[in-house]
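Letters A, B, ... mirror the listed sequences (proteins, then strands); counts begin at 1.
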There are 2 protein chains.
Amino acid sequence: MAREKIKIRKIDNITARQVTFSKRRRGLLKKAEELAVLCDADVALVIFSATGKLFEYASSSMQELLGKYKLHATNNAADKANEPALQLQLIESDEARMGKEVLEKNRELSQLRGEDLHGLSLEELQRLETMLEGGLHRVLQTKDERIAKEIATLQQKGFQLMEENKLLKQQMMTLMSKGKRPRTMATEMDNQLATYQEDQGQSSDSVTTNVSGPPPEDDCSDTALKLALPFY
Amino acid sequence: MAREKIKIRKIDNITARQVTFSKRRRGLLKKAEELAVLCDADVALVIFSATGKLFEYASSSMQELLGKYKLHATNNAADKANEPALQLQLIESDEARMGKEVLEKNRELSQLRGEDLHGLSLEELQRLETMLEGGLHRVLQTKDERIAKEIATLQQKGFQLMEENKLLKQQMMTLMSKGKRPRTMATEMDNQLATYQEDQGQSSDSVTTNVSGPPPEDDCSDTALKLALPFY
DNA sequence: ACCTCTATGTATAAAAG
DNA sequence: TCTTTTATACATAGAGG
């Protein structure tokens, strides 16, 4: 495909054939991987050179893919004729049963994802819709519960910290009034306390408010305000 | 490779992914055959689409090639460890793996249905929510398209019937004015026609209006108003 | 889904090191 | 045999039917 167009037939010159094999083999393996990645497909590629050397690519496990292939092949073959393929068929019937199950589950999953809907009747679409709505409802409910719980935990931690700070402040005041030291530290703690109270008030307004925003930069890292919310 | 360069990662848009799959699949199959022919190599290519559809190429017999592959694979495995279980082990592990796969798919399905959500993190719940919303959206879209199409068909049939009735009425009038028979039948047909026109007017107002309600009780069952809508 | 069209990115045949 | 180079053929993304 360069310099000159070539006909697709066995290359006579042995050297040229080996060179072409090397180049095209790599190209093919690359393309196979690209297809698997781009299109979320399962791809298995097996190449034997004329000298018997093996090259292969499989998007997942070669065994898994070849098993899956056998299922399809045997299913189709069984449709067309009753080929009594020795004991092999007995063994494979087990595989076939499970494979069908996997295929069925996969179909169901992809339909729930909204793909491959073209063969479905209105009744089936309605069934899917109901199931999806129910599922979505329950997922949202679970998520809301989880979020509410985490917020409650955060609030509790916050109040604990407030109490702790208040106590510390009092102790500090006591110490300072005795030793007549400047009040800088106590003032700063007042500010921190006010900031934190504001944050708490906001987050309890709505479940969907951002709670993971910067908390007051305290040094009490051991008291663990670590329950950050990754969403909302 | 055209118009714009793309990154080799899963294509998000489902339609685009299917289109690309179709194009690249053909390209890959062609290249596989070219390699086999040009370089006298044995090539086996198995592709499963994301929806589970199978595509394959084999330069000779797929069975033969896969057998050959298994030999190489087992030989190599035997080099690394002294596993004398031959192909039997491959088959057994296939079954075990598929059993696991079935379990996995079932878990995924039940989660999509909104069951068994307790072990999930907020991130996983968010992922489920997104998937369900997308699926629901696509299901609703497909259903709406289907319904619109059926309504259009029903309307067309309705108009056909109206025309037919008009014609029959005229013929009847002609007959009656000639033979001086009582006009009972003609009057009844007038009523039917009026009723049907009302129905048509209603159903074209909104997609969600009940269209499958009682049509005029005509005896023209062969004209088939059978596209009843089971929902809505 | 499938075809066509077209601009562009890739693959690769041939040659050279 | 492998690499690099280069010119050319091929594959294909995106858009429109």
Side-chain angles (χ1 to χ4, degrees), chain A residues 1-41 43 45 47-57 59 106-107 110-111 113-122 124-125, chain B residues 1-41 43 45 47-57 59 134-135 137-139 141-146 148-149 152:
Chain A
M1 305 151 174
R3 295 296 175 93
E4 265 174 61
K5 177 169 177 169
I6 59 164
K7 278 192 181 172
I8 302 302
R9 60 189 202 79
K10 179 171 169 180
I11 297 171
D12 289 327
N13 183 293
I14 296 176
T15 307
R17 189 161 76 222
Q18 284 172 336
V19 171
T20 295
F21 178 71
S22 173
K23 287 181 179 178
R24 280 178 172 258
R25 188 190 67 226
R26 270 186 298 179
L28 190 61
L29 290 166
K30 185 181 172 196
K31 290 262 177 197
E33 181 173 10
E34 288 184 356
L35 179 65
V37 173
L38 283 172
C39 306
D40 197 30
V43 178
L45 176 57
I47 306 170
F48 286 100
S49 74
T51 57
K53 200 169 175 191
L54 169 66
F55 304 86
E56 61 177 304
Y57 166 77
S59 58
N106 277 332
R107 200 181 50 72
S110 84
Q111 285 180 350
R113 274 185 247 107
E115 301 162 7
D116 197 21
L117 301 174
H118 291 285
L120 298 182
S121 69
L122 264 176
E124 289 166 322
L125 286 170
Chain B
M1 303 125 173
R3 293 295 173 94
E4 268 173 58
K5 177 170 177 168
I6 59 163
K7 278 189 184 170
I8 301 301
R9 60 190 200 77
K10 179 172 169 180
I11 296 171
D12 289 325
N13 182 290
I14 295 173
T15 308
R17 189 161 75 224
Q18 283 171 338
V19 171
T20 295
F21 177 71
S22 174
K23 287 180 177 179
R24 280 179 174 259
R25 173 177 29 98
R26 273 187 296 179
L28 190 60
L29 289 166
K30 185 182 170 194
K31 289 264 179 197
E33 181 174 10
E34 289 184 356
L35 178 64
V37 173
L38 283 171
C39 307
D40 196 31
V43 178
L45 175 58
I47 305 170
F48 286 99
S49 75
T51 57
K53 204 168 171 189
L54 168 67
F55 304 86
E56 59 177 306
Y57 167 77
S59 58
H137 178 255
R138 284 184 285 275
V139 166
Q141 199 170 318
T142 305
K143 203 182 73 175
D144 283 350
E145 283 167 11
R146 190 79 49 94
K149 211 164 122 193

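Of all nucleotides listed (D/dA11, C/dT12, C/dA1), D/dA11 comes nearest to the side chain of B/Lys30. Distance from the side chain of A/Arg3 is smallest for C/dA15 among the nucleotides C/dA15, D/dC10, C/dA11. Comparing D/dC10, C/dA1, C/dA14 by their closest approach to the side chain of A/Glu4 singles out C/dA14.
One atom, CG of A/Leu38, and another, C1' of C/dG9, lie 14 Å apart when rounded to the nearest Å. In this structure, B/Ile6 atom CD1 and C/dT10 atom C1' are separated by 12 Å, rounded to whole Å. Going from atom CG of B/Leu28 over to atom P of D/dC10 covers 18 Å, rounded to whole Å. Remark: P of C/dA13 and NZ of A/Lys23 are 6 Å apart, rounded to the nearest angstrom. Rounding to whole angstrom units, NZ of residue A/Lys31 and P of D/dC10 are separated by 14 Å. Rounded to a whole Å, the NZ atom of B/Lys7 is 16 Å from the P atom of D/dA13. Regarding B/Lys5, its NZ atom lies at a distance of 9 Å from the P atom of C/dG9, rounded to whole Å. Per the geometry, CG belonging to B/Leu35 stands 13 Å off C1' belonging to C/dA11, to the nearest Å.
A distance-only check finds no donor-acceptor pair linking the side chain of A/Arg107 to the backbone of A/Asp116 [under 3.5 Å].
At D/dA13, one or more side-chain N or O atoms of B/Thr20 fall inside 4.0 Å of OP1 or OP2 (strictly under the cut-off). Checking the phosphate oxygens (OP1, OP2) of D/dT1, no side-chain nitrogen or oxygen of A/Ser22 falls inside 4.0 Å.
Where B/Ala16 and A/Ile14 each meet DNA chain D at their nearest nucleotide, the meeting point lying more 5' is that of A/Ile14.
Within 4.0 Å (heavy atoms only), B/Arg26 reaches sugar-phosphate atoms of the nucleic acid but no base atom.
The heavy-atom pair separating B/Ile47 from B/Arg25 by the smallest distance is CD1-CG, 3.9 Å.
Taken from CZ in A/Arg113 to CZ in B/Arg138, the straight-line distance is 9.5 Å, to the nearest 0.5 Å. Taking CD of B/Glu145 as the start and CG of A/Leu117 as the end, the distance is 10.0 Å to the nearest 0.5 Å.
Under the rule for a ring pair (Phe, Tyr, Trp, His ring centres under 6.0 Å), B/Tyr57 has no partner lying at least two apart in sequence or in another chain.
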